[in-house]
Amino acid sequence: MSDSSVQATAPAAVAGTDDPSGLVEMAAALAEGLVSSRQLTQRSLRRIAAAQPELNAFRTVRAEAALAEADAADRRLAAGERRPLLGVPLAVKDDMDVTGEPTAFGCAGDFAAKTADSEAVRRLRAAGAVIVGKTQTPELGQWPFTEGDAFGETRNPWNPAYTPGGSSGGSAAAVAAGLVPAALGSDGAGSVRIPAAWTHLVGVKPQRGRISTWPEPESFHGLTVNGVLARTVADAALLLDAASGPHPEDLHRPARISAVEAAGRAPRRLRIALSFAMPFTATPKSLDPEVRSAVERLAGRLESLGHEVVPEDPRYGPIGLTFVPRATTGVRDWASRVPDRALLDPRTHEAVRTGRILGGLPLRISRRAESVLRRRVGEIFGRFDVVLTPTTATPPLRIGALTGLGAMATDRAMITACPYAWMWNVLGWPGVNIPAGFTASGLPLGAQLLGPGEAEPTLLALAAQVEAAEGWATKRPG
């Protein structure tokens, strides 16, 4: 596959054909009896098997169990039962528990099979989904690339010499390659939005608590939320609604929304802040000219749709100081559950050491600072409805670009490539990556629509409007 692999194909199959490809299309075709869950699941499993040697998107493939679930779904459909995702094959990231499968979270070692689904997976099953497998993630979700000694390299369907990003890189690769119509991921510093940007997908990081992280009452001390990856806003909204809802012991319980309704209505005229500013990190970083040009073009599209776009930057202040204690303490917590810690990456051991140091008073101060930071950064939403930024500062990285680096060098390289996403994890607010175009060599680029607390309806309505104008779902890896 060459660098110039962007290919505009015919529009995705619509409900009523015998080859539906999107989540909404599949659910409709199943409900209308135009296709069976077994047929769709077999097709997904065939595609996974064919792609796995090159893309390596899956850590676990549940072929036998998925077919049994598909047959059960077909019986329910034949009996007249209707649920939002009944019979649709989906994938989840390997930081989520699936009954009977291990949750290795990118680590090497002999992990025991889980005896219960995580709450998000339970809700997918309640909606009728068939879980075909668990997707690859770097070790404990720490990096914006999906590579590791435990499983090798996960590659980008647009060009396998490049990473799909991380940490939800396996989910992104699986959706972009058409192995599944949509997938769940998780986002602790951009881990849904970054791979969505680098694989030409819609990636929704919802409000903290929107999709439960149970059996964690909150994940990574509130930084990490579960989110969705899909080709279209409608597909992302359907999966978001199906997966959303709290466990009784969750710490965060936002008011319920209807993502599907939001994605189906036009937004009012919005005032949008266009920002290229990066928060202070004491490390060198710059914006790639192709990324800047892509986001500026998208800003022009928003203006053509009737919105007002004004250059303006959020007041990030010292937000970076509050991120590290929460992130490294979260790594420390997860690493304590690994069966053989000697197998962990040296960079993980360094993060664990830092987490031990910062896990007391610095962590408590970081959590207390969140309300102050929300007021400081949120000041911009007194004047604007949405903030538009790049999702990443660079195009996708080459496979192996960060291999062999020490902990500090890896952190610096990550900040250089991805300085735009992690602030919204500190705040717990929603953000949506939308495709922004391609580099001259055909690699995908993305832009973020960012909002204040519980702003998903506005962001999804705006994203759907842009999608209708841009037609990004017609472009698939060649």
Side-chain angles (χ1 to χ4, degrees), residues 22-23 55 57 90-93 135-138 141 143-146 154-158 162-206 211 224-237 239-240 243 259 263 291 294-295 298 388-397 417-418 420-422 424-425 430-439 443-450 456 459-460 462-464 466-467 470 472-473 475-477:
L23 187 61
L55 295 186
L90 294 173
V92 301
K93 184 177 177 179
T135 57
Q136 304 281 20
T137 172
W143 304 305
F145 54 88
T146 302
T154 298
R155 297 176 179 272
N156 196 319
W158 291 89
Y162 292 83
T163 181
S167 65
S168 303
S171 288
V175 176
L179 312 185
V180 289
L184 290 187
S186 61
D187 190 314
S191 289
V192 162
R193 291 162 288 157
I194 292 164
W198 286 351
T199 58
H200 194 67
L201 297 177
V202 177
V204 181
K205 173 216 173 296
I211 301 177
T224 297
V225 303
N226 290 329
V228 302
L229 297 107
R231 284 202 193 97
T232 69
V233 177
D235 286 354
L239 184 55
L240 179 59
V291 176
V295 177
L298 201 60
L388 171 67
T389 79
T391 303
T392 67
T394 71
L397 303 176
C418 304
Y420 285 107
W422 56 268
W424 249 244
N425 295 88
V432 177
N433 175 80
I434 57 174
F438 298 87
T439 67
L443 294 171
L445 303 170
Q448 289 184 109
L449 303 174
L450 301 172
E456 293 102 323
L459 302 180
L460 291 168
L462 181 58
V466 177
E467 179 184 328
E470 293 271 294
W472 61 59
K475 297 180 175 66
R476 308 286 178 88

Residues two or more places apart in sequence or in another chain: which of them pass side chain to side chain contact (heavy atoms under 4.5 Å, CB included) with A176? P157, W158, T199, L201

Is L460 close to V204 at the side-chain level, that is, under 4.5 Å between some pair of heavy atoms? yes

Those residues that, when tested against R231, pass salt bridge (Lys or Arg N to Asp or Glu O under 4.0 Å) (two or more places apart): none

side-chain hydrogen bond (donor to acceptor under 3.5 Å, both in side chains) with W198: which of T394, T163, T392? T392

Which heavy atom of P181 sits nearest to which heavy atom of G22, and what is that distance? CB-C, 3.8 Å

Just how far is it from atom CG of L229 to atom CG of L239, taken to the nearest 0.5 Å? 9.0 Å

With no hydrogens and no angle check, just 3.5 Å: does a side-chain donor-acceptor pair link K93 and S168? yes

Looking at every non-hydrogen atom in both residues, tell me the closest pair between P195 and G166 and how far apart they are. CD-O, 3.5 Å

Distance-minimising heavy-atom pair for S167 and T137: O-OG1, 3.2 Å

Taking side chain to side chain contact (heavy atoms under 4.5 Å, CB included) as the test, write out the residues that go with T154, two or more places apart. N56, Q136, T146, F151, P164, A173

Given side-chain contact (heavy atoms from CB on, under 4.5 Å), test L184 with N226 step by step and report yes or no. CA-CA 7 Å; L184 290 187; N226 290 329; 5.8 Å; no

Distance col, row L179:CG vs S171:OG, nearest 0.5 angstrom, shows 11.0 Å

Do any N or O atoms from the side chain of N156 and from the backbone of Y162 form a donor-acceptor pair under 3.5 angstrom? no

So CG of L240 and CG of D235: to nearest 0.5 Å the spacing works out to 12.5 Å

The salt bridge (Lys or Arg N to Asp or Glu O under 4.0 Å) partners of E467 (sequence neighbours excluded) come to none

Ignoring hydrogens, what is the shortest heavy-atom contact between V228 and A236? Give both atom names and the distance. CG2-O, 3.6 Å

In short, G446 meets V295 closest at the heavy-atom pair O-CG2, 4.3 Å

Under 4.5 Å between any side-chain heavy atoms of I211 and V225, yes or no? no

Residues passing the side chain to side chain donor-acceptor pair (under 3.5 Å) test with T391, sequence neighbours excluded, are N433

Just verifying a value: how many Å separate I434 CD1 and L449 CG, rounded to the nearest 0.5 Å? 4.0 Å

To the nearest 0.5 Å, how far apart are CG in N425 and NZ in K205? 5.0 Å

For the pair W424 (side chain) and P430 (backbone), establish whether a donor and an acceptor sit closer than 3.5 Å, ignoring hydrogens and angles. yes

Applying salt bridge (charged side-chain N to carboxylate O under 4.0 Å, His left out) as the test, list every pair that has at least one member in residues 188-199; sequence neighbours left out. D187-R193

I need the I194 CD1 to F145 CZ distance, nearest 0.5 Å. 11.5 Å

List the atom of A436, the atom of A294, and the distance in Å for their closest heavy-atom pair. O-CB, 3.6 Å

